[in-house]
2 protein chains.
Amino acid sequence: MSKAQTLSPLLEQCDLAARTIKLLAHPQRLMILCYLSEGSKSVGELQRLCGCSQSLISQFLARMKSEDLVTHYREGKFVRYEIRNRQILQLIRALHKIFCP
Amino acid sequence: MSKAQTLSPLLEQCDLAARTIKLLAHPQRLMILCYLSEGSKSVGELQRLCGCSQSLISQFLARMKSEDLVTHYREGKFVRYEIRNRQILQLIRALHKIFCP
DNA sequence: TTGACATATTAACAAATTATAATATGATAA
DNA sequence: TTATCATATTATAATTTGTTAATATGTCAA
């Protein structure tokens with residue numbers, strides 16, 4: 001029995017939005033997305049830029065991929081990630097305007 | 001020894017932004033803020049609108065108050081909450097545009 | 001092939017969050 | 001006053017998230 005049946009339309013939308021917002025609600029994950037909003041990056045580049053361990057970056061990226069915030073493609077030895085979601089891009093830009101004036 | 005010393009400026013900004021974003025990253029808390037973005041509401045009103053327990057609503061509001069997303073004032077028996085933070089209002093409006101088209 | 005580099009996955013644990021229940025405080029009306 | 005309604009606080013169990021370490025996989029160059 002899915003929970004969605006009983007949710008008000010507004011709560012449903014908040015539920016959906018919150019699932020995406022959750023992924024931005026972390027300093028380094030947000031930073032990853034900021035960098036990706038400028039263009040695709042390899043895992044190693046993100047690692048250096050954000051100062052996280054390789055494992056942690058990979059886990060973050062996997063999670064963001066599973067929620068469709070990012071996609072990836074292989075380029076030789078490297079795997080490059082990018083934002084392929086108009087909503088996320090809009091959101092990052094809005095956050096930038098609001099928090100980095 | 002504070003951690004801030006060693007943070008890059010970008011990470012510092014992400015850190016700050018993420019602290020605020022965290023509070024939106026929950027279905028009912030987001031819903032509370034959506035309703036508050038239309039004007040002040042009492043705790044009881046929010047409780048009914050969001051379908052949360054009284055205790056939970058109070059806890060959410062207390063947390064959002066402690067991070068300066070909302071303020072409150074007493075009006076007789078009731079306590080009314082409102083958004084008193086330009087950034088938050090902008091953010092809620094941006095989210096609305098992006099997620100409720 | 002093998003070695004080296006790049007990335008992913010898994011397990012395990014610590015820390016934070018969410019939700020519920022119980023109780024406390026504060027205001028008003030009778 | 002006291003009863004009642006509105007809200008806040010506290011304690012705590014359940015769950016989720018964050019982090020590290022160890023190991024696995026995949027690709028290329030020698």
Side-chain angles (χ1 to χ4, degrees), chain A residues 3 6-7 11 14-33 35-36 40-83, chain B residues 3 6-7 11 14-33 35-36 40-83:
Chain A
K3 194 172 145 204
T6 68
L7 294 179
L11 186 49
C14 286
D15 208 66
L16 205 67
R19 250 165 57 197
T20 295
I21 296 170
K22 244 176 221 167
L23 291 174
L24 312 200
H26 180 285
Q28 267 106 355
R29 271 194 319 255
L30 183 54
M31 205 172 171
I32 289 175
L33 289 170
Y35 280 120
L36 289 184
S40 75
K41 301 262 179 301
S42 74
V43 178
E45 284 172 324
L46 290 171
Q47 190 182 335
R48 266 164 263 128
L49 287 166
C50 299
C52 295
S53 75
Q54 184 270 314
S55 172
L56 196 49
I57 290 275
S58 266
Q59 290 181 63
F60 285 160
L61 289 170
R63 214 165 132 199
M64 296 199 267
K65 188 156 65 72
S66 83
E67 296 275 354
D68 283 321
L69 303 212
V70 300
T71 46
H72 69 305
Y73 56 96
R74 185 167 275 276
E75 201 178 69
K77 277 212 273 197
F78 305 93
V79 176
R80 299 188 69 85
Y81 281 79
E82 61 187 356
I83 297 182
Chain B
K3 193 170 144 204
T6 66
L7 295 178
L11 187 49
C14 287
D15 207 68
L16 207 67
R19 252 166 55 197
T20 296
I21 296 170
K22 243 177 222 166
L23 291 175
L24 314 200
H26 180 286
Q28 268 105 354
R29 266 192 324 252
L30 183 53
M31 206 172 172
I32 290 175
L33 290 170
Y35 279 119
L36 290 183
S40 74
K41 301 263 178 300
S42 74
V43 178
E45 285 172 323
L46 290 171
Q47 190 181 334
R48 267 164 261 128
L49 288 166
C50 300
C52 294
S53 74
Q54 183 271 313
S55 173
L56 195 50
I57 289 276
S58 265
Q59 288 180 63
F60 284 160
L61 289 169
R63 209 165 136 202
M64 294 198 270
K65 188 157 63 72
S66 84
E67 294 275 355
D68 283 322
L69 304 211
V70 300
T71 47
H72 70 305
Y73 57 94
R74 185 168 275 275
E75 199 177 70
K77 277 212 272 198
F78 305 92
V79 176
R80 299 188 69 85
Y81 281 79
E82 61 186 358
I83 296 181

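Since the model is a prediction, treat every value here as computed from it, not as a measurement. Order of the sequence lines sets the chain letters (A, B, ...), proteins ahead of strands, with each chain counted from 1. Below, all heavy atoms of this structure are taken into account, side chains as well, without hydrogens, waters or symmetry copies.
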> Quick one, which residues of residues 57-66 of chain A touch DNA chain C with a heavy atom under 4.0 Å?
Replying inline: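 Here the set is A:Ser58, A:Gln59.
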> Can you pull the contact range of chain A along DNA chain C, 5' to 3', using atoms under 4.0 angstrom from its heavy atoms?
Replying inline: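 On DNA chain C, the outermost contacted nucleotides are C:dC5 to C:dT10.
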>> Over all strands shown, is A:Ser42 touching base, sugar-phosphate only, or nothing at heavy-atom distances under 4.0 angstrom?
In response: sugar-phosphate
Length of the line joining [X]:[atom1] and [N]:[atom2], which is rounded to integer Å:
X       : N      : atom1 : atom2 : value
A:His26 : D:dT16 : NE2   : P     : 18 Å
A:Lys77 : D:dG26 : NZ    : C1'   : 11 Å
A:Gln54 : D:dT19 : CD    : C1'   : 14 Å
B:Arg80 : D:dA6  : CZ    : P     : 13 Å
A:Leu56 : D:dA21 : CG    : C1'   : 12 Å
A:Leu23 : D:dT16 : CG    : P     : 15 Å
B:Phe78 : D:dT4  : CZ    : P     : 17 Å
B:Tyr73 : D:dA6  : OH    : C1'   : 15 Å

Straight-line distance of [X] [atom1] to [Y] [atom2], nearest 0.5 Å:
X       : Y       : atom1 : atom2 : result
B:Met31 : A:Leu11 : CE    : CG    : 5.0 Å
B:Leu23 : B:Ile32 : CG    : CD1   : 10.5 Å
B:Tyr81 : B:Ser58 : OH    : OG    : 6.0 Å

> What pairs of residues pass the side-chain hydrogen bond (donor to acceptor under 3.5 Å, both in side chains) test when at least one of them lies in residues 17-29 of chain B, not counting sequence neighbours?
Replying inline: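 Passing the test, one end in residues 17-29 of chain B: no pairs.
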> Applying side-chain hydrogen bond (donor to acceptor under 3.5 Å, both in side chains), which residue pairs with at least one partner in residues 62-77 of chain B are found, sequence neighbours left out?
Replying inline: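 Qualifying pairs: B:Ser40-B:Tyr73.
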A side-chain contact here means heavy atoms from C-beta on lying under 4.5 Å apart; do [X] and [Y] qualify?
X       : Y       : answer
A:Leu61 : A:Leu46 : yes
A:Leu69 : A:Leu24 : yes
A:Met64 : A:Leu36 : no

>> Using every non-hydrogen atom in the two residues, find where A:Ala18 and B:Pro27 come nearest and quote the distance to one decimal.
In response: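 That closest heavy-atom pairing would be CB-N, 3.7 Å.
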> Of all heavy-atom pairs between A:Leu33 and A:Ile83, which one has the smallest distance, and what is that distance?
Replying inline: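 Heavy-atom minimum between the residues: O-CD1, 3.7 Å.
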>> Show every salt bridge (Lys or Arg N to Asp or Glu O under 4.0 Å) that has at least one partner inside residues 44-58 of chain B, sequence neighbours left out.
In response: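 The answer is B:Glu45-B:Arg80.
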>> Assuming nearest nucleotide by heavy-atom distance, tell me which of A:Lys22 and A:Tyr81 is located more 5' along DNA chain C.
In response: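 Between the two, 5'-proximity favours A:Tyr81.
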> When the nearest nucleotide of DNA chain D is assigned to A:Ser55 and to A:Gly76 on a heavy-atom basis, which residue is associated with the more 5' position?
Replying inline: A:Ser55
>> For DNA chain D, please output the secondary structure as dot-bracket, reading 5' to 3'. Pairs are Watson-Crick or G-U wobble, both atom distances under 3.5 Å; mark crossing pairs with [ ], other-strand partners with |, unpaired with a dot.
In response: ||||||||||||||||||||||||||||||
